[in-house]
Amino acid sequence: MILLVQSNELYNNDLRAMLMAFYPGEKLTVMKPVDVANVGKELHNEFTLCFTALYDEKRTLLKIEEKAEVKFYAYVSGPYEDRKVFRNRLKLAAYQMLSEFTGRTLPWGSLTGVRPTKIAIHGIKEGESDEDIITEYERRYAATTEKAELALKVAKRETAIFEEEDIDVNRDYALYIHIPFCPSRCLYCSFASFPIQQYKYKVPEYLAALTKELQFISYVNRDRRLVSIYVGGGTPTALGELSFDNFLTEAVRYFDTSHLKEYTVEAGRPDSITERKLEIMKAHGVTRISINPQTMNDSTLKVIGRAHTADDFERAFRLAKEYKFDNINTDIIAGLPMEKLKDMENTLDVLRRMRPESLTVHSLAIKRAAHLSEELTTYQEYINHDAKEMQALAAKYATYMGMKPYYMYRQKNIAGNLENVGYSKPGRECLYNMLIMEEKTDIFGAGAGASTKLVNPGKGNVERIANSKSVDDYIVRIEDMLDKKRDVIGNTRINK
Ligand code: SF4
């Protein structure tokens, strides 16, 4: 257990993220100095580590204590007026202290945000040289050169694709549709997802509510161009064949699809794919699908609660190729419980043989909503620490497969403090994946747990509207949710 003592709540989240990057899965308690003083020194016995940040007018004292004994301390000078600048300095100092204390470095250094490419994209826009951009990652955030180069590579590719695709923030928008059902729940899942067996009687009502939301989205964007549809989940193909067909009919019924550049459906779980569903997707104009093995190791698949085998993946993948899908993505995870580097190598060998058009490599993230978080005590010893080598190996295989990295993001509590990287063959990138990361245009989310992101380039901010994650709530409250959305969209457009 870790204790974070802070006299300025403004930076709670920054220091919390820094501590969690070094101590993933540890419980963290935050207290004010006055409360710590009231309890006295014996409080330290309850914690393995105490990290303190005491702010005064001119500077901030940071210290690390173990059983009330000060191990490291440092001062971070103000001024505090430019919060962003101070935040970066504070995080860097905290990172350096924790790094010395633990004897470990982190690949992204003090960079804890979701979008590591942001700095490189800004640098490219400002006309900075590659060297200057890489130096900024290294000096200001203590990131490794390897990660700085990866961020720069991705940022360059994204910038080029946005230019090629001619995406216009005011004219274009993307649509995300969430189908919150899965054949079973994966151990690490933190998405809005419910077992289809248990929820199958609710599917018609769910799809009816979803249709109302799609009609609404189509209406509020009647003067704009829909450029991308992404159907995710959950597992959209967990729906029965008839429901799936009806759903895909409704998904585009109300939209002008003449400007559509891509149409993705996550067919994630191989055990949910049938010939008929592939036929249905083809008939409805789906251009890209995802079939996700996560690993080609059957025993790991069992541990993580996926009700399919490696053979099921190969069968589904071949079937999709027979149905002439020429843009198939495959997701895998680095750092799965009990997996070693050789398991990752085996997974990558199979994929190299199967030749997908894109490969997304996730690093295992233990989010609070996941079963894995609850069962962390049980699985702690199985959480492997080879994630870094696994990511590096996946990068090599992606190159062998003729792919390049094109989008990237990070999550909290991610294995090895790493990142998730999407690789693809040239021309097979998923535009939606880049749009959601770089906030290039509005993304309208439909369905339980879906979020709408309204980009306001003038103000440089993004307005978010989240739908209820509960299927029942979504069905019952659909009209209220649409009213709320109508108000926020109206205000955002007026203020643009
Ligand atoms: S397939 Fe995806 S959404 Fe479904 S349970 Fe597994 S991780 Fe969650």
Side-chain angles (χ1 to χ4, degrees), residues 150 153-154 157-158 160-161 164 230-232 235-237 261-275 277-282 285-298 300-301 306 308-334 336 339 341-363 389-408 419-434:
L150 174 65
K153 239 187 242 173
V154 171
R157 194 144 176 233
E158 278 181 348
I161 292 168
E164 251 167 55
Y230 192 105
V231 183
T235 306
T237 40
K261 294 172 187 288
E262 62 177 18
Y263 185 177
T264 295
V265 173
E266 275 183 15
R269 299 280 281 262
D271 46 331
S272 68
I273 298 171
T274 63
E275 285 200 53
K277 287 181 203 173
L278 290 166
E279 208 173 72
I280 292 166
M281 286 190 279
K282 266 281 155 190
V286 172
T287 57
R288 180 180 180 270
I289 60 172
S290 221
I291 307 176
N292 304 327
Q294 309 302 11
T295 169
M296 293 304 288
N297 186 335
D298 281 344
T300 315
L301 286 169
R306 286 176 76 90
H308 66 85
T309 61
D311 282 351
D312 290 335
F313 165 75
E314 291 205 35
R315 176 198 59 81
F317 189 93
R318 287 211 177 88
L319 212 53
K321 282 288 170 199
E322 277 171 32
Y323 276 84
K324 305 273 181 275
F325 280 95
D326 61 2
N327 196 356
I328 306 179
N329 170 67
T330 49
D331 277 10
I332 59 171
I333 302 177
L336 283 170
E339 289 228 324
L341 196 58
K342 68 169 178 32
D343 297 304
M344 178 57 121
E345 196 171 1
N346 172 47
T347 299
L348 289 164
D349 276 334
V350 176
L351 291 183
R352 193 175 175 186
R353 178 163 48 79
M354 309 290 291
R355 300 198 293 167
E357 280 68 35
S358 56
L359 169 73
T360 309
V361 188
H362 294 268
S363 299
E389 289 74 19
M390 291 179 177
Q391 272 282 8
L393 189 69
K396 263 190 204 161
Y397 270 74
T399 309
Y400 300 153
M401 291 191 264
M403 299 177 186
K404 288 182 182 162
Y406 78 99
Y407 89 104
M408 173 170 66
E419 64 283 323
N420 302 319
V421 189
Y423 301 87
S424 84
K425 291 184 177 167
R428 295 294 204 277
E429 300 85 0
C430 172
L431 184 61
Y432 173 84
N433 285 337
M434 292 182 284

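- Checked by atom type and distance alone, the side chain of Asp349 never pairs as donor or acceptor with a backbone atom of Asn346 at under 3.5 Å.
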_Evaluate Ile332 against Met344 for side chain to side chain contact (heavy atoms under 4.5 Å, CB included), listing each step before the verdict._
CA-CA 9 Å; Ile332 59 171; Met344 178 57 121; 3.9 Å; yes
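- Counting non-hydrogen atoms of other residues, nucleotides and ligands closer than 6.0 Å to NZ of Lys321 gives a total above 12.
- Here CZ of Phe313 is found 9.5 Å from OG1 of Thr347. Values are rounded to the nearest 0.5 Å.
- Distance CG/Leu393 to NZ/Lys342: 13.0 Å, rounded to 0.5 Å.
- A pairwise comparison of heavy atoms in Arg306 and Gly268 identifies NH2-O, 3.8 Å as the closest pair.
- Around the NZ atom of Lys261, the shell of radius 6.0 Å holds more than 12 heavy atoms that belong to other residues, nucleotides or ligands.
- Across Met401 and Pro356, no two heavy atoms sit closer than the pair SD-CD, 4.3 Å.
- Taking each heavy atom of Pro426 and Gly402 in turn, the nearest pair found is CD-O, 3.6 Å.
- Between Ser272 and Lys277, the shortest heavy-atom contact is O-NZ, 3.0 Å.
- Shortest non-hydrogen contact noted between Glu357 and Arg428 is CG-NE, 3.6 Å.
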_Criterion side chain to side chain contact (heavy atoms under 4.5 Å, CB included) on Thr309 and Asp271, from CA distance to verdict_ = CA-CA 8 Å; Thr309 61; Asp271 46 331; over 6 Å; no
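- Although no hydrogens or angles enter the test, the distance criterion places a donor-acceptor pair under 3.5 Å between the side chain of Ser363 and the main chain of Glu419.
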*asked:* Could you walk me through whether Phe317 and Ile273 satisfy the side chain to side chain contact (heavy atoms under 4.5 Å, CB included) test, starting with their C-alpha distance in whole Å, then the side-chain angles of each, then the deciding distance to 0.1 Å, before giving a yes or no?
replied: CA-CA 9 Å; Phe317 189 93; Ile273 298 171; over 6 Å; no
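- The shortest heavy-atom contact between Gly285 and Tyr263 is O-CD1, 3.6 Å.
- The backbone N or O of Ala310 lies less than 3.5 Å from a partner atom in the side chain of Asp298, making a donor-acceptor pair.
- Glu262 places a side-chain N or O within donor-acceptor distance of the main-chain N or O of Tyr432, the cut-off being under 3.5 Å.
- Looking at heavy atoms from C-beta onward, Phe325 lies in side-chain contact with Met281 at the 4.5 angstrom threshold.
- When the options Asp331, Val421, Leu348 are evaluated for a side chain to side chain contact (heavy atoms under 4.5 Å, CB included) with Leu359, the one that passes is Leu348.
- One distance of note links CD of Glu339 with OG1 of Thr300; it measures 3.5 Å at 0.5 Å rounding.
- Between the side chain of Arg288 and the main chain of Cys430, no donor-acceptor pair closer than 3.5 Å is present.
- One distance of note links OG1 of Thr264 with CG of Asn433; it measures 7.5 Å at 0.5 Å rounding.
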*Give the intermediate values and the outcome of side-chain hydrogen bond (donor to acceptor under 3.5 Å, both in side chains) for residues Glu266 and Tyr230.*
CA-CA 8 Å; Glu266 275 183 15; Tyr230 192 105; 2.7 Å; yes
*Determine, stepwise, if the pair Glu314 / Arg318 fulfils salt bridge (Lys or Arg N to Asp or Glu O under 4.0 Å).*
CA-CA 6 Å; Glu314 291 205 35; Arg318 287 211 177 88; 3.3 Å; yes
_Using the rule given for side-chain hydrogen bond (donor to acceptor under 3.5 Å, both in side chains), can you reason through Thr287 versus Asn327, listing the C-alpha separation, both sets of side-chain angles and the distance that settles it, and then say yes or no?_
CA-CA 7 Å; Thr287 57; Asn327 196 356; 6.0 Å; no
*Might you work through the side chain to side chain contact (heavy atoms under 4.5 Å, CB included) test for Arg269 and His308, ending with a clear yes or no?*
CA-CA 8 Å; Arg269 299 280 281 262; His308 66 85; 4.1 Å; yes
